[in-house]
Asker: 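Before anything else, here's the structure in question.
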2 protein chains.
Amino acid sequence: MLSKKCKYAIHALVYLAEKYQQGPVHIQEIAEKRHIPKKFLEAILLELRNAKILHSKKGKGGGYYLHQKPSDVNLMEIMRLMDGAIAMLPCVSLHYYERCEECRTEKTCGIRDAFIKVRDETLAILGGSTLDKILKREKALGAK
Amino acid sequence: MLSKKCKYAIHALVYLAEKYQQGPVHIQEIAEKRHIPKKFLEAILLELRNAKILHSKKGKGGGYYLHQKPSDVNLMEIMRLMDGAIAMLPCVSLHYYERCEECRTEKTCGIRDAFIKVRDETLAILGGSTLDKILKREKALGAK
DNA sequence: TTTAAAGTCTATGGATTTAATAGATTAATT
DNA sequence: AATTAATCTATTAAATCCATAGACTTTAAA
């Protein structure tokens, strides 16, 4: 399951994708429109900024805005950033690999196989889910 | 990520699949062979028994054994039992559906789409991963 | 019929993670 | 200088995960 942090991040980014190239957006505005606790959102946006997905501007007229194009930001990277590994087992994770304490002999573990397949399918789908596609889909579904 | 509980359950079941139709196996034996804390394993096996995946026999010469055929037990049901939903969002879960507080308007949510696809692919793979297949694979990989 | 083996059940404790809040500080604009 | 808004540091509250302890029950064998 995605953490709330990750869900909030996705929602905030979709919101910012909608306002792409329209100048900085206040944290306050995002928080209100997407029903996210403001202080929590602060921390999230800061992390997205440090990851170069967002830029920010301080002071009056400041706020956050997308650094990358909406077509260049996908769910895979957002989720990795917020929640870490996408794989269901540490021993099949590409970015957060860890040896499984349980199955000591990785080479002969019959379980990993299925989880490698799940990982690959999942990454393909999430990697292809970009902010602009999500936005398009929302519009197609009739969101205002 | 799978919980330890779930990993332990899978390992224990694979072990019991190996001993299918060879009589009851002690908790103690499974715990030692698969490096699982015995007391924790007790609780797990009990749950698997209540779910009719295992049977048990009390008293001397007792122990646990598979109730279903190894080809009838798959990772999907084990994971659902131990960890709950397999989907990454509550609002796309088939067995543990819950409304997302975040995206209030489910009908116009552009995010769900990707997670429905992930869910379907994942369920197909995990549902097809049965104990006997895992066992076969381990033998093919040369586990003793 | 006693005894030992083994599963069953209830309860609890500690560690870690997640979610949220508070307050002080820094930077930019007007 | 005043105002606005992001940044940073700390702290707290709640939930979950992992593990252990101990008493109880059932069964089989001696």
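In what follows, chains carry the letters A, B, and so on, assigned in the order in which the sequence lines appear, proteins first and then strands, with residues in each chain numbered from 1. Computation of the quantities below employed the complete heavy-atom set of this structure, encompassing side-chain atoms and omitting hydrogens, waters and symmetry-equivalent molecules.
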Asker: Distance alone, cut at 3.5 Å: any donor-acceptor contact between the side chains of A:Asn74 and A:Ser129?
Answerer: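 The criterion, which ignores hydrogens and geometry beyond distance, is not satisfied for A:Ser129 and A:Asn74.
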Asker: Between A:Glu106 and A:Arg112 (salt bridge meaning N to carboxylate O under 4.0 Å), is one present in this structure?
Answerer: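 Between A:Arg112 and A:Glu106 there is a salt bridge, with a charged N closer than 4.0 Å to a carboxylate O.
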Asker: Could you run down nucleotides 20-30 of chain C 5' to 3' and tag each one B, S or - for protein heavy-atom contact under 4.0 Å?
Answerer: SBBB--BBBS-
Asker: Give a yes-or-no answer on whether the side chains of A:Tyr65 and A:Gln22 include a donor-acceptor pair shorter than 3.5 Å.
Answerer: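 There is no such pair between these side chains.
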Asker: In whole angstroms, how far is the P atom of D:dA6 from the CD1 atom of A:Ile27?
Answerer: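 Spelled out: CD1 on A:Ile27 to P on D:dA6 is 4 Å.
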Asker: Report yes or no: do A:Ser3 and A:Asp83 form a side-chain donor-acceptor pair below 3.5 Å?
Answerer: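 Judged by distance alone, the side chains do pair up.
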Asker: Please state how far atom OH in B:Tyr65 lies from atom C1' in C:dA6, giving the value in whole angstrom units.
Answerer: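 Atom-to-atom, B:Tyr65 to C:dA6, this comes out as 14 Å.
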Asker: I need the CG-P distance between B:Leu46 and D:dA19, as an integer number of Å.
Answerer: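 Distance, rounded to whole Å: 18 Å.
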Asker: Under 4.0 Å from any atom of DNA chain D, heavy atoms only: list the residues of residues 77-89 of chain A that qualify, in numerical order.
Answerer: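 DNA chain D contact set from residues 77-89 of chain A: none.
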Asker: Does the pair A:Ile86 and A:Met76 meet the rule for a side chain to side chain contact (heavy atoms under 4.5 Å, CB included), with working shown?
Answerer: CA-CA 8 Å; A:Ile86 286 168; A:Met76 179 179 71; 3.8 Å; yes
Asker: Assess whether a salt bridge exists between A:Glu47 and A:Lys5, defined as any Lys/Arg side-chain N lying under 4.0 Å from an Asp/Glu carboxylate O.
Answerer: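 Counted as a salt bridge, because a side-chain N and a carboxylate O are separated by less than 4.0 Å.
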Asker: Can you tell me how far P of D:dC18 sits from NE2 of B:His35, to the nearest Å?
Answerer: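 Spelled out: NE2 on B:His35 to P on D:dC18 is 19 Å.
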Asker: CD of A:Glu47 versus P of C:dT18: gap in Å, rounded?
Answerer: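 The distance from CD of A:Glu47 to P of C:dT18 comes to 12 Å, rounded to the nearest Å.
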Asker: Calculate the interatomic distance between A:Leu45 atom CG and D:dA5 atom C1'; express it in whole Å.
Answerer: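 In whole Å, D:dA5 C1' and A:Leu45 CG are 13 Å from each other.
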Asker: Rounding to an integer number of Å, can you tell me how far A:Leu41 CG sits from C:dA19 P?
Answerer: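 Going from CG in A:Leu41 over to P in C:dA19 covers 14 Å.
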Asker: Show your working on salt bridge (Lys or Arg N to Asp or Glu O under 4.0 Å) between A:Glu77 and A:Arg80 and close with a plain yes or no.
Answerer: CA-CA 5 Å; A:Glu77 55 175 328; A:Arg80 283 212 177 109; over 6 Å; no
